[in-house]
Each structure stands twice: as structure tokens, then as C-alpha cells.
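Step one of this worksheet: look at the structure below.
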Amino acid sequence: MNKYRSHTCNELRKNNVGKSIVISGWINKKRDHGNLLFIDLRDNYGITQCIIDQENKNFKELEKIQLETVIKVEGRVVNRSKETINKDIETGEIEISIENFTVLGTCKELPMPVFTDQEYAEEIRLKYRYLDLRRKKIHENIILRSKVISFIRSEMNAIGFLEFQTPILTSSSPEGARDFLVPSRLNPGKFYALPQAPQQFKQLIMVSGFDKYFQIAPCFRDEDARADRSPGEFYQLDLEMSFVEQEDVFKVVEELLINTFKKFSNKKLISEKFPRISYADAMAKYGSDKPDLRNPLIINDITEVFLRDDVSFEIFKKLVKSGSQVRCIVTKKTKDKPRSFFDNIDKWAKAEGFSGLAYFTLEKNNEISAKGPVGKFFSKESLEEIMQKTGAKIGDSIFLACNNQKELENITSLAREKIANDLDLIDNDSFAFCWIVDYPMFERDEQTNKIKFSHNPFSMPQGDLDKINFEKPLDILAYQYDIVCNGIELSSGAIRNHIPDLMYKLFSIAGYDKKQVNEKFSGMINALSYGAPPHGGIAPGIDRIVMLLANEKNIREVTMFPMNQNAQDLMMSAPSNVNENQLKELNLSLKLKK
RNA sequence: GGGGGUGUAGCUCAGUUGGUUAGAGCGAUCGCCUGUCACGCGAUAGGUCGAGGGUUCGAGUCCCUUCACUCCCGCCA
């Protein structure tokens with residue numbers, strides 16, 4: 001036995017009664033009855049109640065001691081009488097009669113309490129993260145994270161993937177997110193970049209003949225934070241496989257995720273085979289390439305209805321004539337919802353910066369009619385056409401918006417979420433996975449009007465490579481895919497383009513000539529010309545997986561030492577100033593913007 | 001870069017139409033209490049009402065500026 005403990009704080013049970021033991025931990029809570037003192041001692045494993053009365057020479061000292069002080073307790077395990085058993089803790093049938101104690105670590109007055117479940121401002125939680133992490137919920141989240149990562153690792157090993165580390169100091173990449181730069185002392189004026197993802201390295205690992213690679217890889221992107229996006233750094237389960245088609249990657253990842261989610265959550269999986277939705281369908285039906293499939297609402301295009309002469313909704317008709325579309329969301333059996341329900345949604349849409357959401361409800365007295373502010377503009381026949389196009393029935397309501405395609409996708413996807421939440425249509429006890437497939441290889445940049453890669457420039461275009469029509473680049477689809485769960489993008493991957501000539505061709509469409517490609521991707525393009533296997537992979541986000549499993553809405557709740565929204569570590573005071581000598585050695589001088 | 005929310009004691013919050021000395025619970029300190037498990041009871045200390053400016057006889061409260069945190073848009077192939 002070591003000198004600090006014979007048992008943990010979650011080990012002692014009825015069958016230990018009578019034993020002399022030593023336990024150590026934090027003072028979670030004290031209940032002082034004057035001549036009798038209860039102390040809840042806590043460690044990583046649990047809580048044990050310790051008790052001491054005034055007969056004991058240590059009583060006065062222990063009575064004065066601060067919460068969260070670390071102490072060692074020597075004592076005897078005693079039975080609790082039936083009335084005093086605490087069913088809420090696993091050691092609740094016994095308690096420790098304190099004989100002696102030692103302070104191992106003193107504690108100042110706490111800036112935040114540890115033992116409550118109350119919520120606190122993030123600022124103080126992040127500054128005193130080590131105190132925050134002692135608290136039950138987040139402590140458990142971090143342990144869950146550890147277990148999930150171990151599980152994934154063993155599953156990956158079991159199916160023949162090899163884990164490799166890739167460089168953290170690498171070169172800046174021209175595409176994608178902003179890089180974090182690291183100045184090189186030995187190469188004055190030059191910079192390393194932290195990897196946004198090990199993308200090129202994992203492809204090089206395939207070219208090197210290792211067949212199946214994975215890594216729990218840190219990724220660094222200097223972009224602004226969101227609730228589900230850490231600023232600065234995050235982790236991906238990065239994986240890549242040789243001699244595979246899209247289906248092979250799907251099989252591996254689908255099984256892995258299903259096993260993981262089954263093991264670590266009791267929520268039900270809506271489908272064990274992830275449905276596949278093309279990018280085009282997703283944008284049409286959900287207005288988003290990360291649809292929450294728990295949400296039953298679907299978007300329909302009813303532009304044609306506004307070409308009818310018996311529809312007199314002139315504002316929309318005029319817009320449609322000049323190229324706009326009309327899309328709508330049908331809500332089932334909402335005819336008896338109060339006016340405020342509809343108006344709130346319209347009000348919400350305006351607050352989001354859109355021109356609002358028109359709505360009406362389908363009714364039938366003698367004949368079909370539409371009730372609501374814009375109902376009068378629709379003839380019976382036009383309503384029948386809408387019902388036929390959308391599957392709407394009498395008693396349903398229809399929310400509609402008119403705009404260009406991009407704005408429509410934007411508003412309808414947000415409205416879909418808003419309306420479903422207002423109607424409480426989303427089952428929070430389930431996970432709805434799907435694949436989004438068939439991403440377009442290129443898209444038109446709205447500002448410059450130029451053709452650019454829509455996702456990963458290294459993706460393989462679909463179809464017979466001899467027959468690709470490069471004249472219509474916007475029609476080329478890629479073997480590019482995302483996994484979405486409950487509206488959260490979990491990962492993105494692709495079958496890679498391993499053919500240098502094809503790569504040059506695709507890059508030329510995006511406006512890069514051969515020389516530029518050779519310069520910017522020298523490592524990759526060179527490697528591909530020395531016998532590259534067909535390969536592909538994917539990279540699920542670890543933080544987001546754990547977030548879903550822990551039922552948290554914020555990624556900081558599953559991150560041990562997160563930065564705040566401004567990418568500052570309040571505990572370690574990072575980033576910080578560096579001294580003049582450090583700068584000098586790196587050949588740097590500062591020229592701050594005002 | 002832009003928009004929304006929040007900011008009052010160490011912590012969580014209340015504070016009415018602008019009106020006396022800014023309150024409560026937890027925590028701290030002191031006292032009482034031998035079966036609690038959010039123990040109970042009593043007392044004491046603790047405030048730049050985020051900061052600065054303005055309006056007013058009078059500002060936690062109204063106005064302007066600014067800062068911090070947070071959510072969202074942009075951004076994140």
C-alpha cells in the first residue's frame with residue numbers, strides 16, 4: 001500500500017466494514033453539526049462520506065478546513081444505519097470514521113464553487129479550468145472523450161489500419177483556411193505552417209505503400225469560432241485507404257460510427273445504414289448540405305404555380321418573371337395554431353434579415369380555399385396544384401418565400417429548423433446520420449464569377465475519365481462525400497485524384513497553370529507521378545462526435561483546455577507578447593495595425 | 001468586419017415609472033447545533049452597479065462612446 005491511499009473514494013462497500021483504510025481526495029462538501037462533522041471526500045472515482053466528532057483530537061482543525069483542500073484520511077470503515085444510507089452514491093452504505101488526517105494540498109478561497117451543478121460564465125470557467133474540470137458533468141465528458149478515442153483506436157487497429165504521426169511543422173497551403181504560421185530561425189524570413197489537416201501527408205502515406213492509415217490528428221485553422229467549432233485547433237480521425245472505391249470507405253466508416261454511437265449512447269439510431277443524399281437533392285429538399293434528418297419538414301419548389309393566370313400574388317409573380325423561384329415548407333395539421341404562431345415565424349424571418357415568410361392555411365368549406373394574409377391571391381385550382389406538388393392536405397399550412405436560388409436555400413433551411421423547433425417536431429433522443437454524396441467538382445465564385453474548386457481540389461471526378469466534358473466544368477461531379485448527423489457536419493472525404501495529368505487539367509479549369517501547380521503542390525504532384533495507387537479516405541471530427549455522444553451543444557464542453565471565442569487561452573494567457581530577443585533571433589519585427 | 005444577447009458582492013441572480021443608506025441565496029469569517037448528505041439556526045465582513053462621457057435637482061435604471069464574454073452572419077476547400 002502506498003502512503004496516500006489503500007482505496008479510492010469509490011471502492012469501499014459493506015464488505016469492507018471494520019477495516020482500517022487510508023483514502024485521499026478533495027473535500028467536496030462539509031456538513032458541520034457542531035459536535036459532529038460530515039466530510040464528503042471526492043476523487044476521480046467517486047465520493048466517500050467521512051465522519052468525525054468532537055471526541056477526536058483532530059475535530060477542531062478539520063472543522064475549519066476549506067472546501068477543495070486535498071487531504072489524506074486514515075480511519076475505519078463503518079456501517080451506516082438503515083435510515084442514513086445514501087442511495088445517490090455508490091459508497092452510500094458505509095462511511096469512514098476518521099481517526100487521523102493530513103493536509104496534502106491547501107486551498108485558497110475558491111473563485112467558483114466546485115460541488116454544484118450551477119452554470120457559470122465561461123470566462124471564469126476557462127480561467128480556472130482545473131477547478132471547472134473537477135465538476136461532475138464536464139469531468140465525465142472528458143473521460144467519455146478519452147474512452148471514445150481509445151475505442152476508435154482499437155477498432156481501427158482491429159481492421160488493419162496503421163497509426164502514423166505526420167508533421168506539425170509543415171508548409172503553408174494556398175487553398176482553404178488561414179494558416180497558423182511559425183517563423184523559422186534557421187531559415188530567416190521563411191515560415192512553417194501548422195497543418196489544417198494532414199491531407200497531403202496521408203496521400204503520401206498511400207503512395208508510400210502503407211495501404212491503410214489512420215491518426216487522431218490535430219488540425220489547425222486560423223478561422224473564427226462557433227459553438228461547434230473551436231478556434232485554432234481541433235481533432236480529426238484522419239484515415240486513408242489504398243485501392244478503394246467510395247463504397248469501401250463508406251463501409252469502414254459507417255461500421256465504425258455505428259459501433260461507436262451504439263457503445264457510448266443510449267439514443268436510438270434512426271437508420272443503421274446511412275441514407276445517401278446527393279448534394280443537389282439535399283440543397284433542394286433541405287436547403288443545406290448538412291440537413292438534420294430528424295426534422296420531417298421538406299422544402300418544395302412551387303415556382304410554376306406563380307405562372308398561372310388565376311394566381312394574383314403580384315409581388316411573387318413579378319419576381320418569378322425576372323428569374324426568382326418560390327419554395328415552400330408545409331406544416332401538417334396546423335390550421336388551429338394561433339395567429340401568433342405564424343406571425344412569430346414571419347417576424348423571425350425578418351429579424352434574420354430576410355423579407356419575411358408568407359403563409360396560408362388550406363381549408364375546405366364548400367370548396368378549397370386558403371386562409372391567411374396572402375390566401376386571397378390563390379384560386380381553388382392553383383391550391384390544388386400546390387397540394388399535388390407538395391403533398392399538402394386540408395388543414396396544413398404553407399410557408400413560402402420567393403428569391404434567387406441561393407437566398408432561398410438560405411432562408412428555407414433556417415426556416416425548416418425554426419418551424420420544426422416551434423412545433424417540437426425534432427426527436428432529441430435519436431441520431432440521424434446520412435451521407436451527402438455527388439458534390440460538384442467546381443462552382444462559380446459569386447464575387448469574381450470565376451470557376452473554382454467547390455471542395456477538395458484533390459478529389460477524383462466521377463464517370464468515365466475518357467469521357468468527361470471539361471467544357472462544362474460545373475456539371476462535373478466528384479467522388480466527394482460528407483457525413484452529417486443531426487444537422488452537424490461530422491466529416492468530409494473523397495476518393496482522391498491520383499492521376500497527375502488529370503490533376504493538371506482540373507487545376508487549369510480553376511485557373512492554375514502547370515507551373516503553379518508544380519510550385520504549390522510540389523510534394524504531392526511529384527509523388528503521384530512515381531506510381532500512385534488509387535486511394536481515398538475521410539476525416540470524421542472527433543470533437544463533434546464526442547459532443548453528440550455527450551449531448552452537448554458546445555464543443556468547449558468536450559474539450560479539456562479550450563480557447564475562448566477570441567482564440568485566447570485565459571488560463572495560460574496565450575497568445576502573449578514575446579521579448580525583443582526572441583523576435584530578433586527570428587528576424588521579425590512588429591508593425592501593428594492601429 | 002457586421003448583427004443580437006449578457007455584464008450589479010468571490011459565485012448565481014433580483015433591483016418597479018429615474019427617487020432615502022443597492023438586496024437575496026451560496027461562498028467567506030465568527031458563534032450555536034451529534035446523523036447530515038443542497039444539514040439547520042444566528043451574526044459579521046464583502047459593491048468603481050464592466051469602463052468613460054452626457055442628460056437630470058437626482059442615474060444601477062435614460063442617451064452616447066467603449067471594453068469583455070457569448071450566440072449568429074461573413075469565414076471555415
All N/O contacts under 3.5 Å from nucleotides 40-47 of chain B to the protein, with atom names and distances to one decimal?
none

Could A:Asp117 and A:Lys137 be called an ion pair, given the rule that one side-chain N must be under 4.0 Å from one carboxylate O? no
Is the NZ or CZ atom of A:Lys505 both under 6.0 Å from the centre of the six-membered ring of A:Phe470 and within 45° of that ring's axis? yes
Sugar-phosphate, base or nothing in reach of A:Lys29, heavy atoms under 4.0 Å: sugar-phosphate
Do NZ/NE/NH1/NH2 and the carboxylate oxygens of A:Arg229 and A:Glu489 come within less than 4.0 Å? no
Would you measure the distance from the C1' atom in B:A24 across to the matching atom in B:A9 and give it in whole Å? 11 Å
Looking at A:Tyr504, is A:Lys514 sitting on its ring face, NZ or CZ under 6.0 Å from the six-membered ring centre and within 45 degrees of the normal? yes
Tell me whether the side-chain N/O atoms of A:Asn35 come closer than 4.0 Å to OP1 or OP2 in B:U34. yes
Which nucleotide in the list B:C72, B:A77, B:U70 gets nearest to the side chain of A:Ala227? B:C72
The reported gap from CE in A:Met441 to CE in A:Met460 (rounded to nearest 0.5 angstrom) is 9.5 Å
Give a yes or no on whether a donor-acceptor pair under 3.5 Å exists between the nucleobase atoms of B:C75, that is its base, and the side chain of A:Arg229. yes
When A:Arg544 and A:Leu570 are each assigned the nearest nucleotide of RNA chain B, the 5'-most assignment goes to A:Leu570
Checking N1-N3 plus N6-O4 or O6-N4 for Watson-Crick, or N1-O2 and O6-N3 for wobble, each under 3.5 Å, the partner of B:G7 is B:C67
Quick check: on RNA chain B, is the nucleotide nearest A:Gln49 upstream (toward 5') of the one nearest A:Gln568, or the reverse? Name the residue that is more 5'. A:Gln49
Here the gap from A:Ile89 atom CD1 to A:Asn10 atom CG, rounded to the nearest 0.5 Å, amounts to 8.5 Å
Expected list for residues 105-132 of chain A near RNA chain B, using heavy atoms below 4.0 Å, is A:Glu109, A:Leu110, A:Pro111, A:Pro113, A:Gln118, A:Glu119, A:Tyr120, A:Ala121, A:Glu122, A:Glu123, A:Ile124
Is there a donor and acceptor pair closer than 3.5 Å between the side chain of A:Glu95 and the base of B:G35? yes
Does the distance from a Lys or Arg side-chain N to an Asp or Glu carboxylate O, for A:Arg31 and A:Asp40, drop under 4.0 Å? yes
Using every non-hydrogen atom in the two residues, find where A:Ile168 and A:Pro218 come nearest and quote the distance to one decimal. CD1-CG, 3.8 Å
Is any NZ, NE, NH1 or NH2 atom of the basic residue among A:Glu557 and A:Arg125 found under 4.0 Å from an Asp or Glu carboxylate oxygen of the other? yes
Any N/O donor-acceptor pair, A:Arg80 side-chain to B:U36 base, under 3.5 Å: yes
Base paired to B:G1 (Watson-Crick or G-U; both N/O distances under 3.5 angstrom): B:C73
With a 4.0 Å cut-off on heavy atoms, is A:Asn566 in touch with a base, just the backbone sugar-phosphate, or nothing at all? sugar-phosphate
With sugar-phosphate meaning primed atoms plus P, OP1 and OP2, does A:Asn554 contact a base, only sugar-phosphate, or nothing at under 4.0 Å between heavy atoms? sugar-phosphate
